[in-house]
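Below, chain A is the first sequence line, B the second, and so on; all start at residue 1.
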Amino acid sequence: MFHKVESKVVFSQMEENVLRFWQQNNIFEKSVAIREGAPHYTFYEGPPTANGQPGIHHVLSRTFKDVICRYRTMQGYHVPRKAGWDTHGLPVELEVEKSLGFNSKSQIEEYGIAKFNQLCRESVLGYVKEWKAMTERVGCWLDMEHPYMTMDDEYIESCWWILKQLWDRELVYQGYRVTPHCPRCGTSLSSHEVALGYKEDTDDPSVYIKFRLCSSSRGGQKTPLRAIIGDVPREDMPVYFLVWTTTPWTLPGNTALAVAPDVEYSVMKGDEEYLILAATLVHRVGLAGYEQVETVCGEDLVNLYYEPLFDPHDFAVECRSLPSLAVETERESRAYPVVGAGFVSTEEGTGIVHIAPAFGEIDLGVGMANNLDFVQHVDLSGEIKGTFSFAGRFVKEADPLIIGELQERGQLYKSERILHTYPFCWRCETPLLYYAKKSWFIKTTEVKSLLISGNEEVNWYPQYIKHGRFGDWLENNVDWAFSRERYWGTPVNVWCCRMCGHLECIGSVKELRLKPGVSRLKTPLNLHRPYVDEIVFTCSQCGGEMERVPEVVDCWFDSGAMFLAQWHYPFENSDKFKGNFPADFICEAVDQTRGWFYSLHTISVLLFGKPSFRNVISLGHLVDDKGEKMSKTRGNVVDPWKLVGDYGADAIRWYLLASSPAGNVHRFSTQKVAEAMRKTLLTLWNVYSFFVLYANIDHFVPRHIDGREESFSLPEIDRWIVSELNYLIAEVSDVMDEYDPTAAVRRIEKFVDCLSNWYVRRNRRRFWKSGNDDDKQAAYTTLHYCLVTLSRLMAPFAPFLSEEVYRNLVCAVDTDAAESVHLTDFPVADHTKVDLPLMRATRLIMIVCSLGRAARAKAGIKVRQPLARIVVGVDSREEEEALQKLALHVKEELNVKELEIVHGQIPDEMPGYVTLGEGERSVAIFTELSPELLSEGISREIVRYIQNMRRVAGFEIADHIITYFQTDAVVIKQVMRDFADYISQETLSDGGVVEDFPPDDAHDEKCRISGSEILLAVKKVA
RNA sequence: GGGCCAUUAGCUCAGUUGGUUAGAGCACGGUCCUGAUAAGGCCGGGGUCUGUGGUUCGAGUCCACAAUGGCCCA
């Protein structure tokens, strides 16, 4: 016997029972363990940042990961999946800062780094707990008992090892990196933080500055410029480049001008000077009193030199050379070059761009590429250094002073104001400065071609990411600035000598312990700041004291190192690392393209020259029902716990999988979760409860649960559903192998619909009928086989419902069976059972039935009323045969006595018929009703009334009853007599259908049937 | 400001390499059926396929530009 199944089900309760079963019986652990020794399928968990409550969008990626891993497990692969948590990084620090009410780094240092980092650790552990609970509840199987944590000392040591490898290959260097910097808070801001603080309509200076062409530099022998202006330098007719800027305070840092090589520039002659600017911008700048004497190509301006506005040596400011950063000694005369650059715009300004490598990312890039000077005349608090007349001022206060000075010197062409968008600090509203800071870099550009060729081996879903977003990103690769001036992170493992500046990279704890003169190594060891900062040792070069550099490592480096750091490789688990590299599958949201996908790929390519993953699903984001981003501030985030309670995890999973393909943006809709539950899961549940209900009544015992042939041959319709099922298995396997679970669940949905609304609907009588013949056995066997197979097929997608169905339909009757559906194998399609002609034939009769019902509606005759004949037009021999073979279903479904087949279209007008056509196909029903047909119609009407009354009276399906009736109508009396057997059989009126007054304890109702009244009553018999 | 993606019915989505009158589900209105069903059938309303140009005998589909939204980077 199967356990009784209620047709009313609360999925969340059912799921919690299943969860308990999994936990108590370690089903997840077993599902991995039983595949030990089988081919490996490696999954890498992209570690979620344990910062903030998990939302519905996190359920999305967890679902996709879980589905693929479960699928592969059931296919026989060994799929261990270690959970991981990204524990370091700025978001964690910001959260703690907020809770302490801090808004600057100095406050953290006053508070104490040790205490601060302890709070970060606690904060992370708190969120990890929340995440674990959510992960478990939505049925995402991960080994969360043995996760990797990026903050563990072992993990950090592996990161150190990686950096040491790169250091030894001279791929690590110190350089400058331009970051948005808040001069008040004294800290760099992440791009996320910058995005929080953009202000439109910021009022700033808009100034046009004249840079004087060096008299010795008028181009080569035959340049167009020389031709215009002449060979002999004329002091009274100087040549200027006209340059536009909104940040005058950066002008003392100017060391080059950039032009667009392929743009036309005008040489404008005025009374006392020549001005050069882009030809298309002359009118916008408004050069009254100047006339164009010639045009030159941008190319011809490149390599000309101009006089600095502020020579750094005149104002006691350090000047370094890029890219070496060597401090320059004084030179006699200084001139700066004009360079060509692709980014120069002719949309605004003058088409000649002021370059200050210390104050802009593009500027720094130009500086590195052209070996420019690097002049940083502003300190981190935004104050101007040196001996300028405006030194000691905050940069924004210096702006008007600089403009004034240039005006006095005659180098200001025009000064205006402009309203534009500018970033401010989101905490203190101070304008941000783009500022070059020292940073540690990994020379990823060295392996750029390997990054690109490695990507060729990766299978991306959706495909366009490969050569689109990810490929482009690799093509434009720049060295990875991997250090951060923060506290809670993997410390950069480089020590620097205080005396001679000698640098040394430490690759392991052991190496550190063995350093000569090492001191302040505490036990137990803690590799975090501030403890690691205290460790010093003796310099091998000069005997001075080596101390650690202050930076920590970018947390993207941490997570990208997981493929080896999760095993503490190479210090232990060498076999595990090797057995799990590269990954067969990873999956994250699309924002990880330049995050984890990149860091994982890059570290692997740097170390081993090859990629670390083979297949990757990049998920689109989940947005709210209006298509807008979910965020706390908008208040449109969806709480997964509420949904789980209302609809269950399977419904959420099913919805997330089915609603749109992985790469697309998903609009989240609670209504659609409800729909997924109703339409597919509940429908399946009802087929299941229907089966169990009748199977138990008949004491059905499945003899084979593998779909093998019974001793009797299966009827056509059973072979049909078995065929559909095997076809489905093949389709689902195919699309799953292509990493497309969306296609898989959409196909399953169609099958469930067919199973319920055709197979069960058409076969109800086979289950109801009394007796226990072969046909009934075939029906039970077939439906049981379908449900059990479906439970295995759906197990990766709807793990709870599948488990429930499997446990009851298999485990309850077979003690030898695997205890969980998740320990079974994924179904394999049996192609010998796929009968395509039969499937086509069935589809044909479905259409014919649909047309027939429409014809009935058109004629206004209920389906309950039998009709004498239907005529169906077919257009091929195959269709005719199909229809003949399955005529019984058409006749039953449409309640007609005869089915006639004709070739070609049926004429629109046939006496006595109602005709309906759709495209090539047409049907006609004969609508004249004989007295016999009418009587039969009445009998069916009566049956329907009695069935309704049984239900209203609260009888069980198998309850036997007596039916009483009273009526004056002769016709009805006659029907009750003629159809007594039929009525009694249909309504289980074994006690008889008697014409009598019902007893008081019977349930009675007055009914109207074809214009006459009848009193009907039902009563249970013992 | 740049790159990538998306835009098809009120909502969520299908629409092969261009080829009849653009489909499904949900929702809505009507009606029928029903002792598995929270379901199902039938009929119906609802579309300038975001817009503008172009290529073509023919464009939802290919190209260009624009708008809106999302993501990434400035």
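Nucleic acid contact for A/Tyr694: sugar-phosphate only, since backbone atoms but no base atoms lie under 4.0 Å from a heavy atom of the residue.
Contact between the side-chain N/O atoms of A/Arg594 and the OP1/OP2 oxygens of B/rC72 is not found at any separation under 4.0 Å. Listed pair A/Arg469 / B/rC5 fails the phosphate criterion, with no side-chain N or O lying under 4.0 Å from OP1 or OP2. For A/Thr593, no side-chain nitrogen or oxygen approaches OP1 or OP2 of B/rC4 to under 4.0 Å. Contact check, A/Arg856 against B/rC32: no side-chain N or O comes under 4.0 Å of OP1 or OP2. Phosphate proximity of B/rA39 to A/Arg678: present, with a side-chain N or O under 4.0 Å from OP1 or OP2. Look at A/Lys679 and you'll find a side-chain N or O under 4.0 angstrom from OP1 or OP2 of B/rG40. Within the structure, every side-chain polar atom (N or O) of A/Arg853 is placed at least 4.0 Å from both OP1 and OP2 of B/rU31.
Distance from the side chain of A/Leu682 is smallest for B/rA38 among the nucleotides B/rA38, B/rA74, B/rU12. Side-chain atoms of A/Tyr464 lie closest to B/rC5 of the nucleotides B/rG41, B/rC11, B/rC5. In this structure, the nucleotide among B/rU34, B/rU12, B/rC72 sitting nearest to the side chain of A/Arg667 is B/rU12. If you check B/rG3, B/rA36, B/rA14 against the side chain of A/Asp472, the one that comes closest is B/rG3. When the nucleotides B/rG70, B/rU34, B/rG40 are ranked by their closest atom to the side chain of A/Arg944, B/rU34 comes out on top. For A/Gln947, taking side-chain heavy atoms from C-beta onward, the closest of the listed nucleotides B/rU34, B/rG35, B/rU37 is B/rG35.
The distance between atom NZ of A/Lys862 and atom P of B/rG41, rounded to the nearest whole Å, is 20 Å.
Between A/Val863 and A/Ser659, the residue whose closest nucleotide on RNA chain B is further toward the 5' end is A/Ser659.
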